[in-house]
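Atoms within each ligand, like the ligands themselves, are counted from 1 in listed order. Counting from 1, the numbers follow the sequence of the chain as shown.
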Amino acid sequence: MKIDGTHYRSIWPHKDGDWVEIIDQTRLPYEFGVLALSTMEDAAHAIRVMQVRGAPLIGATAAYGMALAMRADPSDANLSEALAVLGATRPTAVNLRWALEAMRGLLMPLKPGDRADAAWIRAGAICDEDVEINHSIGRNGLALIREIAERKNGRVNLLTHCNAGWLATVDWGTATAPMYLAHEEGIDIHVWVDETRPRNQGALTAWELGHHGVPHTYITDNAGGHLMQHGDVDMVITGTDRVAANGDVANKIGTYLKALAARDNGVPFYIALPSPTIDWTVANGADIPIEERNASEVETIQGRGTNGALASVTVTPPGSRAANPAFDVTPARLVTGLITERGVATASQDGLRKLFPA
Ligand code: MRU
């Protein structure tokens with residue numbers, strides 16, 4: 001997607017081929033900065049501290065992390081070490097495991113001398129595939145938005161939670177791809193963007209949408225139910241970090257409450273996902289590991305101070321404890337449909353299997 005007229009993906013290999021570059025998402029939306037990842041440890045660190053984030057981008061970064069590890073030392077021992085280090089960075093997004101398994105399957109049978117080039121090519125292919133997949137998700141989600149626009153004959157109000165935008169993928173985004181295509185097609189859309197405390201990924205979504213001229217409004221996490229009650233939301237679309245085989249969906253903390261409010265108000269609630277986000281090994285959402293992040297993310301808020309510098313202020317009183325579960329699970333029964341690259345599935349084992357029989 002474009003920033004000030006220049007097309008960027010969220011991760012790309014440097015043209016000399018020795019390292020990869022990312023957009024440092026810990027500095028957005030205030031500063032646009034590019035960071036080089038030169039080692040596997042750099043890639044692991046970037047995932048851990050959320051310089052890159054969002055399930056598909058975590059997977060793509062891990063794939064390049066493996067390629068960087070193989071450049072440094074293609075031995076069996078280093079291959080296993082890199083898989084272990086990268087695999088332990090974040091627990092919920094299954095795209096991480098998916099990408100590492102793809103790399104393991106490719107690299108293990110190869111002679112060490114052949115591993116670095118093969119890994120580099122495969123990591124690039126994972127990125128290219130992600131872009132194609134998201135574009136297809138966009139086309140499938142666009143049909144749903146178009147339908148609402150035709151029925152309503154007026155502005156379509158969408159609501160999204162967290163950032164499932166191009167910053168969370170390699171390009172396009174999952175939840176945002178239909179929005180970008182609808183906007184490009186000339187459909188009058190407006191997006192309610194949940195702030196998404198504590199990391200405020202909504203600010204990333206607002207930043208993205210703003211750069212593409214998509215009308216949007218930034219709201220507190222608790223505003224969605226009120227807006228739905230007043231008929232101001234036509235459709236919710238979010239992303240996901242892992243979909244269980246029965247269609248239960250793990251996504252950023254607060255997604256479940258939006259789904260409940262949507263059900264109570266008859267608002268369609270869609271989840272957009274690429275197929276690598278489906279975890280066929282997990283029968284239902286109760287078995288999805290939920291990341292518990294540092295309480296300091298809840299105790300403080302980051303932003304730009306009046307002097308223009310990035311600042312962090314404490315919001316909790318001394319002595320109060322904070323908890324920080326980073327994801328929750330929305331039961332399949334609350335999900336209207338799963339927008340995938342192959343079409344829109346019902347949120348159930350049957351629905352998923354119809355689109356992904358293998
Ligand atoms: O903690 P984050 O910022 O990595 O969480 C991101 C989300 O929850 C996204 O909604 C999800 O990964 C889907 S991204 C297409």
- Query: To the nearest 0.1 Å, how far is atom 10 (O) of ligand 1 from its closest protein heavy atom, and which atom is that?
  - Reply: Asn251 OD1, 2.7 Å
- Query: Ion pair present between Arg197 and Asp221, side-chain N to carboxylate O less than 4.0 angstrom?
  - Reply: no
- Query: By number and element, which atoms of ligand 1 are closer than 4.0 Å to a non-hydrogen atom of Asp241?
  - Reply: 7 (C), 8 (O), 9 (C), 11 (C), 12 (O)
- Query: With a 4.0 Å cut-off, would you call Arg293 and Glu291 a salt bridge?
  - Reply: yes
- Message: Please find the pair of heavy atoms, one from Ala347 and one from Ala332, that lie closest to each other, and give the distance.
- Response: O-CB, 3.2 Å
- What do we get for Thr238 next to ligand 1 when only non-hydrogen atoms under 4.0 Å count, side chain, backbone, both or neither? neither
- Query: What part of Ala272, side chain, backbone, both or neither, has a heavy atom within less than 4.0 angstrom of ligand 1?
  - Reply: neither
- Query: Quick one: which ligand 1 atoms are inside 4.0 Å of a heavy atom on Lys252?
  - Reply: 1 (O), 2 (P), 5 (O), 8 (O)
- Just which atoms of ligand 1 are under 4.0 Å from any heavy atom in Ala55? 12 (O), 14 (S)
- Validation row, ring centre Trp120 to ring centre Tyr64 under 6.0 Å: yes
- Is it true that Asp232 and Arg155 make a salt bridge, defined as a side-chain N closer than 4.0 Å to a carboxylate O? no
- Note on the structure: Heavy-atom proximity to atom 14 (S) of ligand 1, picking from Ala168, Cys162, Ala250, points to Ala168
- If you measure from the Lys or Arg side-chain nitrogens to the Asp or Glu carboxylate oxygens, is any gap between Asp194 and Lys252 under 4.0 Å? no
- Note on the structure: ligand 1 atoms nearer than 4.0 angstrom to some heavy atom of Thr169 are 15 (C)
- Message: Heavy atoms only, cut-off 4.0 Å: how does Arg90 contact ligand 1, side chain, backbone, both, or neither?
- Response: side chain
- Residue of the set Gln201, Arg199, Arg53 for which side chain to side chain donor-acceptor pair (under 3.5 Å) holds with Asn163: Arg53
- Query: How close does the nearest protein non-hydrogen atom get to atom 15 (C) of ligand 1, and which residue and atom is it?
  - Reply: Thr174 OG1, 3.1 Å
- Task: Check whether any N or O atom of Gly54, backbone or side chain, sits under 3.5 Å from an N or O atom of ligand 1, and answer yes or no.
- Result: yes
- Item | For atom 3 (O) of ligand 1, closest protein heavy-atom neighbour | Arg53 NE, 2.5 Å
- Message: Tell me the contacting part of Gln201 for ligand 1: side chain, backbone, both, or neither, using a 4.0 Å heavy-atom threshold, strictly below.
- Response: side chain
- Task: Answer side chain, backbone, both or neither: which part of His161 comes under 4.0 Å from ligand 1, heavy atoms only.
- Result: neither
- Item | Arg122 bridged to Glu129 by N-O distance under 4.0 Å | yes
- Contact with ligand 1 for Pro56, non-hydrogen, under 4.0 angstrom: yes
- Query: For the ring-ring contact (aromatic ring centres under 6.0 Å, His included) test, which of His212, His211, His135, His216 pairs with Tyr180?
  - Reply: His212
- Going by the atom numbers of ligand 1, which of them fall below 4.0 Å from some non-hydrogen atom of Phe327? 1 (O), 5 (O), 8 (O)
- Do we see a donor-acceptor contact under 3.5 Å between the side chains of Asp350 and Ser348? no
- Message: Taking only non-hydrogen atoms of Asn163, do any sit less than 4.0 angstrom from ligand 1?
- Response: yes
- Query: side chain to side chain donor-acceptor pair (under 3.5 Å) with Thr277: which of Asp241, Asn251, Asn95?
  - Reply: Asn95
